[in-house]
*Asks:* 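Here's a structure for you.
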Amino acid sequence: MPFNIIKKKVEFHDVDKCECKYTIECDGIDTSTWNIKMKPTSNGGSMAKVECKSKGVEGKDMMLKAKDSAAEMFKTVEAYLIANPDPYN
């Protein structure tokens, strides 16, 4: 990540609906609020719908820098869960 300090505050987490919302503070600046909803797909996988609202110019710049890192994290987690499904069933 291109930041020195990142803090996340979970606004809500709904396990049954596979949905969460959290706010990110990067380097002391409240930058963005993220909503993530996971839905199952017909092939046994899942699809993530991610919405992000940035605050100010710094927030938009930081969000763009974090976008690729977040996508890579989702791919890594998905690959791990596909390879190791038993602990989560």
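Position 1 is the first residue of the sequence, and the numbers go up from there. Everything numeric in this text was worked out from a predicted model, so none of it was measured.
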*Asks:* Find out whether T33 and Y22 are in side-chain contact, i.e. whether some heavy atom of one side chain is under 4.5 Å from a heavy atom of the other.
*Replies:* no
*Asks:* Using 0.5 Å steps for rounding, measure from the CG atom of L81 to the CG atom of D86.
*Replies:*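 Going from CG on L81 over to CG on D86, the span is 11.5 Å.
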*Asks:* E19 versus F12: any side-chain heavy-atom pair under 4.5 Å?
*Replies:*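 SC-SC contact between E19 and F12 confirmed.
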*Asks:* CD1/I24 to SG/C52 distance, rounded to the nearest 0.5 angstrom?
*Replies:*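 The CD1 atom of I24 sits 7.0 Å away from the SG atom of C52.
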*Asks:* Report yes if the side chains of E11 and T23 come closer than 4.5 Å at any heavy-atom pair, otherwise no.
*Replies:* yes
*Asks:* Atom CE in M38, atom OG in S46: separation rounded to 0.5 Å?
*Replies:* 3.5 Å
*Asks:* Please find the pair of heavy atoms, one from V15 and one from H13, that lie closest to each other, and give the distance.
*Replies:* CG2-CE1, 3.6 Å
*Asks:* Check K49 with E51, please: is the shortest side-chain N to carboxylate O separation under 4.0 Å?
*Replies:* yes
*Asks:* From K39 NZ over to C18 SG, what is the distance, rounded to the nearest 0.5 angstrom?
*Replies:* 10.0 Å
*Asks:* So how far is it from C20 SG to N35 CG, rounded to the nearest 0.5 Å?
*Replies:*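 Output value for this atom pair is 8.0 Å.
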